[in-house]
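Working notes, structure below.
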Amino acid sequence: MKGLPSQASGHVRRLRSSAKNARVNRKNAAPFLLSTSSLLALIVAAPLVLAPQPAHSFEIFGWKFFENGKEEEAAVPDPIAYEAEVSVSERSDVDLTKEMTSTSLLVQQVKKPPSGEAGLIARSLSDRERLIARLYADGRYGGTVSISLNGLPLESALERAGLPDGRPVQVKVLVDPGPAFTFGTVTVQSPGGDLSTDPAFWGLAPGDPAGSGKILSAERRIVTMLRGRGYPEAKIAERRITADHSSDRLDVALIADAGPQARFGKVTVSGTEVTKPEFVVQQAMIPEGGIYSPEDISRARKRLNDLGIFSSIRFVEGDIARPDGTLPITIQVSERKRHVIGAGASWSSTEGFSAEAYWRRRNLFGGGETLSVEGSIGRIGSESIANQEYSARIAFEKPGVFGPLTSFTTSLEAKQENPDAYISRTLTYDAFLSREFSDQVKGRAGFEIQYADEEDAFGDNQYLLVGLPADLTFDNRDDKLNPSKGVFAALFGEPAYDAKNGNGMGFLKGTVSTYYALDEAKRFILAGKLSAGSIIAPSVSAVPANRRLIAGGGGSIRGYAYRNVGPRLNGEVVGGRSLIEMSGEVRVRITETIGVVGFVDAGNAYEDTIPDFSDGLKIGVGAGLRYFTPIGPLRVDAAVPLDPEQDDPSFALYVGLSQAF
């Protein structure tokens, strides 16, 4: 470091000062109060080292070190090679040695040499602070970290002009962890906040290991609880942390300042271009005059996000007005592009390729309305062009039609279906009014009219169904595309009348799926699904083929041909008036991006309205791979039917996005 410019010398002086401030007070006599620059600073830093993390950039003499991305890969001026070794004075504690080694920046970054001796010294200083923070996180407040460079102590390296000869530089890190502290006297106070004074309630029970993360967690819980009780300005006003090295105890005193209790005041909106501000206020449903609640803010954010018209949403809390204690809220939004084009595709060995595309115009009239034009083609490659499956649909949705929890949808769809059992051409118009009863429960009811022209084993038939469909869903899954816990349940019912043939009928179907993680990391998940359906009608032939209950295929019993399981007439599947389907999966996540699945599917369709189990169940078994992407798992399943019939394959492959259910 000889000949460094004055700027460099000044920086080295600052490094020396930093090193001195980082030393840990190890008095063994009377209790002492750790300074804010040591214990409290490292308590705050401790969570950052609970798991190995990439280093942030560090700049010295105009050069940057420890950076991520392309800049980190750039050539480093005057790189200095070194070898690092971490040892712990308590040799018997193998786990602690591994923990310190995995935390050490010097070890993590050994293949990325710093720039010159100054860069290595800077990295060593950062490493020492990081390791001390790790010790504090483990409740070890009397520990020390000593670092030497080619035998020269780090403090001495800061005072002299250069490091001893020898390359690569031998960096030795010696950690003396000291004793593990336990909590001693713990007090929690909050004048006016009415908080529990029981230390165990906050995870700070006397006698428990005194990890610094527990203190931070308690502080967060205190502030969160106070905010939840209507105190938006709640904070930790004072913390006193005293380490007694004679008894290895840590005394903690946390004093919270609740601040004034607030009520929601006037709600205003900024950032809208097309959207009507009053519509945003209506959908947010923030109760003006009600006691302030973060949960109300969270629910408002979800409702606005669900509209799909905003790219960003912020809730800015103003100052609490005196003397009424009202808190004005400003909703800052940024609108998304109004035109959307999307596409998707899937494939199975029994059904061929399918593709779909859509065009949407969002926020049509400034009230969150959506106009969609959708189209799809199915059975590509497995049927001639004329016999492929087609659909075209135009739909309109208006949220908030009768208040913020309601919406209106209507659509017109033309469709051709061509499974092996029949060919159906339909034209359907429907209109629904939907209602959100809670975050988990939603329902809708509406009107539907459908004309169907079909060919199947019963011959050529036409139907004109007029119905009143309704459904109710419950969904508390933690992830819609890749759930690990929760339940999804749906119930559908529709009374209908065939105006062309003079037949009345009723449709009923229910499904429920649930998920259970066997471990905290959610790498082993059990998933199960049960579906059942029934149709009340004079006969099977009185029901349009596209509405009959038929099993088989990727969303039903994997391994069997699509809609090829059910009652037959002259060898052709005609479907039935009742159905039951069951699926079970074991999902194992091997790495962050790769998973495997084993599954069993079973089910059948029956001629009568009530299932006749004397016909048994069709069973399919298989396994699959999952590749986890930011938008959901990519699914590849292979299934084998155990009791195949006419038109069923010996095995089937399925490719799609998201889990099977």
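For Asp319, the CG atom sits in a loose shell: 12 or fewer heavy atoms of surrounding residues, nucleotides or ligands are nearer than 6.0 Å. Counting heavy atoms of neighbouring residues, nucleotides and ligands inside a 6.0 Å radius, atom CD1 of Ile536 does not exceed 12 of them. Residue-environment remark: OH (Tyr627) stays at or below the threshold of 12 foreign heavy atoms within 6.0 Å. Counting heavy atoms of neighbouring residues, nucleotides and ligands inside a 6.0 Å radius, atom NZ of Lys235 does not exceed 12 of them. Counting non-hydrogen atoms of neighbouring residues, nucleotides and ligands closer than 6.0 angstrom, the NZ atom of Lys266 reaches no more than 12 such neighbours. For Tyr516, the OH atom sits in a loose shell: 12 or fewer heavy atoms of surrounding residues, nucleotides or ligands are nearer than 6.0 Å. Around CZ of Phe402, the count of heavy atoms belonging to other residues, nucleotides or ligands within 6.0 Å does not exceed 12.
Going from atom OH of Tyr231 over to atom CG of Leu226 covers 8.0 Å, rounded to the nearest 0.5 Å.
In this model, a donor atom of one side chain and an acceptor atom of the other lie less than 3.5 Å apart for Ser424 and Glu454. In this model, a donor atom of one side chain and an acceptor atom of the other lie less than 3.5 Å apart for Glu581 and Ser556. Side chain to side chain, Arg360 and His339 fail the donor-acceptor criterion of an N or O pair below 3.5 Å. Between the side chains of Thr609 and Ser534, no donor N or O sits under 3.5 Å from an acceptor N or O.
For the pair Arg523 and Glu592, the salt-bridge criterion is met [side-chain N within less than 4.0 Å of a carboxylate O]. Ion pairing between a basic and an acidic side chain is recognised when a charged N comes within 4.0 Å of a carboxylate O; Arg477 and Asp475 show such pairing. Arg587 has a carboxylate O that lies under 4.0 Å from a charged side-chain N of Glu585, or vice versa, which qualifies the two as a salt bridge. Between Arg303 and Asp306 there is no salt bridge, since no side-chain N of the basic residue sits under 4.0 Å from a carboxylate O of the acidic one. Using a cut-off of 4.0 Å between Lys/Arg side-chain N and Asp/Glu carboxylate O, Glu455 and Arg425 are scored as salt-bridged.
Smallest separation of non-hydrogen atoms from Gly403 and Gln282: C-NE2, 4.2 Å. The two residues Ser407 and Pro399 come nearest to each other via the heavy atoms CB-CA, 3.8 Å. The two residues Gln462 and Asp453 have their closest heavy-atom pair at NE2-OD1, 3.1 Å. The two residues Glu389 and Tyr562 make their nearest non-hydrogen contact at OE2-CE2, 4.0 Å. Heavy-atom minimum distance, Asn482 versus Pro633: CB-CD, 4.0 Å.
For the side-chain contact (heavy atoms from CB on, under 4.5 Å) test with Phe488, the passing option among Thr514, Val512, Thr511, Asn476 is Thr511; the others fail.
Ring geometry, Phe613 versus Tyr606: the interplanar angle exceeds 60°, so the pair is classed perpendicular (tilted spans 30 to 60°).
The side-chain tip of Arg558 does not point at the ring of Tyr654 from less than 6.0 angstrom away and within 45° of straight on. Tyr422 does not carry Arg563 over the face of its six-membered ring by the limits of under 6.0 Å from the centre and within 45° of the normal.
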Give the C-alpha distance, both sets of side-chain angles, the deciding distance and a yes or no for side chain to side chain donor-acceptor pair (under 3.5 Å) between Tyr358 and Arg393.
CA-CA 9 Å; Tyr358 62 85; Arg393 181 175 181 263; over 6 Å; no

Could you go step by step and tell me if Ser376 and Ser391 meet the side chain to side chain donor-acceptor pair (under 3.5 Å) rule?
CA-CA 5 Å; Ser376 66; Ser391 73; 2.5 Å; yes

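Within the structure, side chain to side chain donor-acceptor pair (under 3.5 Å) contacts touching residues 433-449 (residues at least two apart or in different chains) are Arg444-Asp471.
Contact annotation: the side chain of Val588 approaches that of Val596 to within less than 4.5 Å [non-hydrogen atoms, C-beta and beyond].
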